[in-house]
Amino acid sequence: MLNFGRNRAQPRSNRPLSLGGMDYSDPKRKNNVVGKILLAATLTALCIIMLKQSPTFNSPSPFSLHEEGVTHVLVTGGAGYIGSHAAMRLLKDGYRVTIVDNLSRGNIGAVKVLQELFPEPGRLQFIYADLGDPKTVNIIFQQNAFDAVMHFAAVAYVGESTMNPLKNNLCFPPPKLTIPSAAAFPTGSAVSITITTTVSSLRYYHNITSNTLVVLEAMAANDVKTLIYSSTCATYGEPEKMPITEVTPQEPINPYGKAKKMAEDIILDFSKNSDMAIMILRYFNVIGSDPDGRLGEAPRPELREHGRISGACFDAARGITPGLKVKGTDYKTHDGTCIRDYIDVTDLVDAHVKALEKATPAKVGIYNVGTGKGRSVKDFVKACKKATGVDIKVEYLPRRPGDYAEVYSDPSKINRELNWTAQYTDLQKSLQTAWRWQKSHQNGYGSPLVMAS
């Protein structure tokens with residue numbers, strides 16, 4: 001029997017209908033495609049509107065804006081020993097911090113520690129740059145809304161300065177950089193790493209004196225009103241009278257002290273026609289580390305010979321060097337060795353913060369930062385042996401050029417005017433704190449940023 005009905009089991013063809021050699025699309029399919037396009041366009045427009053209404057869309061960096069109740073401090077040399085401790089204290093106290101460092105002496109590992117401690121957006125920014133490049137420095141100041149500058153960045157080894165005051169302190173040509181991957185920093189990292197490459201052959205005087213001028217000019221051009229300058233007792237040279245006060249004549253006897261005094265003179269000359277608030281802190285021999293063990297001192301191996309006596313003691317205690325070399329036993333002191341005023345880095349940082357808080361427009365404050373008590377090198381070695389529990393071998397050698405017999409401070413002015421007094425004055429305890437960090441950081445910070453010539 002013939003079946004004239006439709007076979008419903010056959011699917012309806014989706015091909016275009018053909019009439020007289022012309023194709024015509026199925027109108028229902030065409031409407032479906034148009035609908036999808038309109039829906040996609042509507043959703044896209046809605047997303048754009050929502051993003052634009054979001055406070056984070058195309059918003060400027062918080063570091064580029066002055067914010068009421070927030071003080072933004074530029075810390076030059078903030079990846080270094082003292083600078084990193086200062087940055088940590090500032091962050092702890094609620095300041096916004098930008099670190100600028102060329103890492104010739106600093107450690108990117110210290111910056112990573114700070115980021116892990118203070119991961120919130122808008123708290124900490126790191127910029128890899130060289131203060132010897134005025135154009136770069138000006139760009140940094142133009143792109144960031146700084147309220148104050150703590151200027152630590154400087155090479156700071158007396159012995160090195162006497163060996164060759166015009167010695168290059170950076171790699172030349174510029175160092176090769178291996179930047180850590182994003183995984184090296186925690187998720188949501190607040191650290192901004194800006195790489196600014198410069199060809200530089202900075203020399204000792206240039207690094208300290210000329211770079212300070214560059215920073216000062218950038219501050220003036222960008223209306224940054226407060227400078228806390230990190231100076232040194234080396235500007236006094238070898239005074240006839242002890243203790244040293246702020247009015248003790250400055251007669252430096254080594255290039256390091258001379259370069260710092262030149263920088264001070266530039267700052268003082270500038271201040272005569274400026275309303276900038278300026279504090280100059282002349283501090284003595286720095287020791288110790290963060291009491292909670294988060295930061296410490298980790299100089300590059302090639303700089304150990306010129307470094308602080310505490311580092312030399314620790315290297316001997318760890319067996320990195322065969323022993324400690326004490327240079328000079330014929331000074332006119334009670335035991336023939338140099339006498340110094342050893343200031344704990346935690347106290348030193350506290351003095352910087354108090355100076356920042358007390359800085360007054362159009363005024364210059366100059367302060368010695370020390371304990372007011374001198375200890376001989378032999379006394380220091382004895383304390384280091386007790387702190388480490390190691391009977392360190394000591395070799396006595398002739399004097400080192402540029403050293404002076406006796407230097408210790410009279411801190412009464414800073415006690416009186418800034419209400420600052422050294423709290424960590426037990427030499428052995430300060431060394432024990434630093435030793436704990438050294439023992440738990442056998443390879444320093446294990447820096448993820450490798451620099452090679």
Between the side chain of Gln143 and the main-chain N/O of Ser64, is any donor-acceptor distance below 3.5 Å? no
Side-chain donor-acceptor pair present, Gln125, Asn144, cut-off under 3.5 Å: yes
Looking at Trp437 versus Tyr445, is the centre-to-centre ring distance below 6.0 Å? yes
Check whether any side-chain N or O of His85 sits under 3.5 Å from a backbone N or O of Asp290 as a donor-acceptor pair, and report yes or no. yes
Within 45° of the ring axis of Tyr367 and under 6.0 Å from its six-membered ring centre, is that where the NZ or CZ of Lys358 lies? no
Under 3.5 Å donor-acceptor, Ser271 side chain and Leu268 backbone: yes
Distance-only donor-acceptor check, side chains Glu264 and Gln250, under 3.5 Å: yes
With no hydrogens and no angle check, do the side chains of His151 and Thr76 hold a donor and an acceptor under 3.5 Å apart? yes
Any donor-acceptor pair under 3.5 Å linking the side chain of Gln442 with the backbone of Lys439? yes
May I ask you to check whether His72 and Phe63 place their ring centres under 6.0 Å from each other? yes
Can a donor-acceptor pair be found, under 3.5 Å and without considering hydrogens, that links the side chain of Asn254 to the backbone of Gly257? yes
Do Tyr408 and Phe284 make the cut of ring centroids closer than 6.0 angstrom? no
Pair Asp292 + Arg294, salt bridge at N-O below 4.0 Å: yes
What heavy-atom pair brings Ala263 and Thr209 nearest, and what distance separates the two atoms? N-CG2, 4.0 Å
Where the side chain of Asp410 meets the backbone of Thr245, is there a donor-acceptor pair that is under 3.5 Å apart? no
Would Arg399 and Tyr331 count as a cation-pi pair here, with the cationic atom under 6.0 angstrom from the ring centre and within 45° of the axis? yes
Which residues pass the side chain to side chain donor-acceptor pair (under 3.5 Å) test with Asp426, not counting sequence neighbours? none
Indicate the atoms forming the closest heavy-atom contact of Gln423 with Thr421, along with that distance. NE2-O, 3.1 Å
Suppose we call two aromatic rings close when their centres sit under 6.0 Å apart. Are Tyr283 and His352 close by that rule? yes
